[in-house]
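Here the structure is a predicted model, which is why all the values come from computation and not from measurement. Below, all heavy atoms of this structure are taken into account, side chains as well, without hydrogens, waters or symmetry copies. Whatever order the structure lists ligands and atoms in, that order sets their numbers, starting from 1. For this chain, numbers begin at 1 and follow the sequence in order.
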Amino acid sequence: MSVNKEVKRITTNTLQKMKANGERISMITAYDYSFAKIFDAAGIDTILVGDSASNVMAGHETTLPITLDQMIYHASSVIRGVERSLVVVDLPFGTYQGNSKEALNSAIRIMKETGAHAVKLEGGEEIVESIKRILAAGIPVMGHLGLTPQSIYKFGTYTVRAKEEAEANKLRSDAKILQESGCFALVLEKIPAVLAKEVSESLLIPTIGIGAGKYCDGQVLVMHDMLGINTEFKPRFLRQYLNLHEQVTKAVKGYIKDVKDRDFPSEQEQY
Ligand code: KIV
């Protein structure tokens, strides 16, 4: 019997049991009530209210501009659509890097004002004090290593991270530190599959990959990418399950035509 099917609600413990049981974890991003409700009912294990909302919902080039208030708005909408999935919310850029007290205050606001179940922070050793302080307040933390989009101006490019030994060694060490500090899971973004395999096998907590290959304990995709809403972004790691852009365009064109032709509304569609 799968661990996922046994439980009424997915918790951080469920994810850890899934890893121990060799059961893969599915995660997808969501930013609003309606999609969250569909994903939850479809049986997704985890919903990430990602700061990628800054890109796909607000149209910014990077994740940096999104604010804590905006993340809280998205997360509280998502939570209203969810009955079973574990909901994790990104702490946005500038709300946790300053000091651990600020990090705790930001995490508390997310938990109190949204009803979400956990927070996610980008980074390793540099933010471990903040992670420990958030955890000490009883708030579960998911880590995020590899390509961390909040540091895009430091990296200068969205290419694969940790290809060189020095960066790979730092990632190995950060992964251990995050596990030891009490993170319940780690996102590994855009790193070589062999490194993600090694890290996943060396940890007790689950790894959730995006562009990190098939050996991670779970996978995450941004909903706009996998549903084909966003058509410009086609990295090698992305599997597109739908072409919603095409289907929505077709539907809206049909609607425009029906309005112009006075075909909509019909006699049956009026009072
Ligand atoms: O913000 C986000 O969507 C993320 C995923 C890419 C993991 O952090």
> In ligand 1, which numbered atoms sit nearer than 4.0 Å to a non-hydrogen atom of Gly50?
Replying inline: 1 (O), 2 (C), 3 (O)
> If you draw a 6.0 Å radius around OH in Tyr158, do more than 12 non-hydrogen atoms from other residues or ligands fall strictly inside?
Replying inline: yes
>> When you compare the side chains of Thr249 and Glu246, does any donor N or O come within less than 3.5 Å of an acceptor on the partner?
In response: no
> Of the protein's non-hydrogen atoms, which lies at the shortest distance from atom 3 (O) of ligand 1, and what is that distance?
Replying inline: Ser52 OG, 2.5 Å
> What protein heavy atom is closest to atom 4 (C) of ligand 1, reported as residue, atom name and distance in Å?
Replying inline: Leu48 CD2, 3.5 Å
>> Please list, in number order, the atoms of ligand 1 under 4.0 Å from a heavy atom of Thr29.
In response: 3 (O)
> Which of the atoms in ligand 1, numbered in the order shown and given with their element, are less than 4.0 Å from a heavy-atom of Val222?
Replying inline: 3 (O)
>> Please confirm whether His144 approaches ligand 1 to less than 4.0 Å, judged on its heavy atoms.
In response: yes
>> Please identify which of these residues, Gln150, Lys120, Gln70, meets the side-chain hydrogen bond (donor to acceptor under 3.5 Å, both in side chains) condition with Asp51.
In response: Gln150
>> Filter on ring-ring contact (aromatic ring centres under 6.0 Å, His included), then keep only pairs touching residues 26-84, sequence neighbours left out; what's left?
In response: Tyr31-His224, Phe35-Phe39
> Which atoms of ligand 1 have any heavy atom of Asp51 under 4.0 Å away?
Replying inline: 1 (O)
> Nearest protein heavy atom to atom 8 (O) of ligand 1, by residue and atom, and its distance?
Replying inline: Lys120 NZ, 2.9 Å
>> I need the contact type for Thr63 against ligand 1. Using non-hydrogen atoms and a strict under-4.0 Å cut-off, is it side chain, backbone, both or neither?
In response: neither
> Which atoms of ligand 1 are found less than 4.0 Å from any heavy atom of Asp90?
Replying inline: 1 (O), 2 (C), 8 (O)
> Are Glu165 and Arg172 close enough, and set up right, to give a salt bridge (Lys or Arg N to Asp or Glu O under 4.0 Å), and what steps lead you there?
Replying inline: CA-CA 10 Å; Glu165 209 42 28; Arg172 288 182 182 100; 3.3 Å; yes
> Are there more than 12 heavy atoms of other residues, nucleotides or ligands under 6.0 Å from atom CZ of Phe155?
Replying inline: yes
>> Checking Asp32 against Ser77 for the side chain to side chain donor-acceptor pair (under 3.5 Å) test, could you report, in this order, the C-alpha distance in whole Å, the side-chain angles of both residues, the deciding distance, and whether it holds?
In response: CA-CA 5 Å; Asp32 72 347; Ser77 308; over 6 Å; no
